[in-house]
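Some notes on the structure that comes next.
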Amino acid sequence: MMQTDCIFCKIIAGQIPCYKVLENDYALAFLDIGPISTGHTLLIPKTHVDRIDQCPPDILAQTAQVLPQLAHAVAAAVNAPAFNILCNNGSAAGQVVRHLHFHIIPRQEKDGVFTQWPAFKYPEGKADMLCQKIIENLKK
Ligand code: AMP
Ligand code: ZN
């Protein structure tokens, strides 16, 4: 179902142009208009869902089906030995366009694209407590 104020729904409907690289009954992939690396591509479901935790599993599966081949083709097009798949969910996570999308970001050695990975260690007992909460949430 199209959401009229959604820029990606407008791309799907052909109302806004894009550099299309893949289209099937369920999904569309096109170059990101503001790439963070050469070849940066977006994969979206044709059905409008805001984010992955609101996505019916069958729609997610249909969209993700093309991801291995697409990611390989994107990386190969720019001779990239590596790539990131990124999915921002919610504004605090950096999501600007509220139509589920997967970024395919080709990577070169030492390209400086992501320079921070703020890893830390859990204090004693925190990991156990978190596990229990997540396991409980999975039952809901
Ligand atoms: P996000 O921050 O995860 O919501 O990413 C949204 C992405 O969509 C950004 O990387 C934008 O550059 C990209 N974008 C926004 N509008 C367009 C458009 N019309 N065509 C292609 N990419 C777009
Ligand atoms: Zn949409």
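For Glu109 (side chain) and Asp111 (main-chain N/O), no donor-acceptor pair under 3.5 Å exists by modelled atom type. No side-chain donor-acceptor contact under 3.5 Å links Lys126 to the backbone of Lys121. Without hydrogens or angle criteria, Gln54 side chain to Leu100 main chain gives no donor-acceptor distance under 3.5 Å. A donor-acceptor distance shorter than 3.5 angstrom exists from the side chain of Gln108 to the backbone of Val78, with no hydrogens or angles considered. When atom types are taken as modelled, the side chain of Asn89 and the backbone of Arg51 share no donor-acceptor pair closer than 3.5 angstrom.
Of all heavy-atom pairs between Leu43 and Ala29, the closest is CD1-CB, 4.1 Å. Closest approach of Ala13 to Met2, counting heavy atoms only: CB-SD, 3.9 Å. Counting all heavy atoms, side chain and backbone alike, Tyr26 lies closest to Thr63 at O-OG1, 4.4 Å. Taking all atoms of both residues into account, the shortest heavy-atom contact from Pro106 to Ser37 is O-OG, 2.7 Å. Considering all non-hydrogen atoms of both residues, Phe30 and Lys20 come closest at CB-CA, 4.0 Å. Across all non-hydrogen atoms, the minimal contact from Val21 to Leu31 is CG1-CD2, 4.4 Å.
Other residues, nucleotides and ligands contribute at most 12 non-hydrogen atoms within 6.0 Å of the CZ atom of Arg98. Within 6.0 Å of the CD atom in Glu23, the count of heavy atoms belonging to other residues, nucleotides or ligands exceeds 12.
Leu22 and Ile44 sit in two unconnected hydrophobic clusters of ILVMFWY residues. Membership requires side-chain heavy atoms under 4.5 Å apart, directly or through other members. Linking ILVMFWY side-chain heavy atoms closer than 4.5 Å, directly or via other members, places Ile105 and Val74 in two distinct hydrophobic clusters. With hydrophobic clusters built from ILVMFWY side chains whose heavy atoms lie under 4.5 angstrom apart, Ile59 does not share a cluster with Ile11. Follow the hydrophobic side-chain contacts under 4.5 Å out from Leu60 and you reach Ile85 in the same cluster. One hydrophobic cluster holds both Ile104 and Val66 under the rule that ILVMFWY side chains link at heavy-atom gaps under 4.5 Å.
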> Are Phe114 and Leu86 close enough, and set up right, to give a side chain to side chain contact (heavy atoms under 4.5 Å, CB included), and what steps lead you there?
Replying inline: CA-CA 12 Å; Phe114 295 115; Leu86 180 66; 4.2 Å; yes

>> Assess the residue pair Asn24 and Gln65 against the criterion (side chain to side chain contact (heavy atoms under 4.5 Å, CB included)); give the C-alpha distance rounded to whole Å, side-chain angles, the decisive distance to 0.1 Å, and a yes or no.
In response: CA-CA 11 Å; Asn24 64 26; Gln65 200 161 29; over 6 Å; no

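Note: Phe8 CZ to Leu42 CG = 5.0 Å, rounded to the nearest 0.5 Å.
Of the charged side-chain nitrogens involved, none lies within less than 4.0 Å of a carboxylate oxygen, so that Glu136 and Lys133 do not count as a salt-bridged pair.
Side chains of His48 and Asp50 form a contact here, defined as non-hydrogen atoms less than 4.5 Å apart. His99 has its side chain within reach of Pro45: a pair of non-hydrogen atoms, C-beta onward, lies under 4.5 Å apart.
By the 30° and 60° cut-offs, the orientation of the rings of His40 relative to His103 is tilted.
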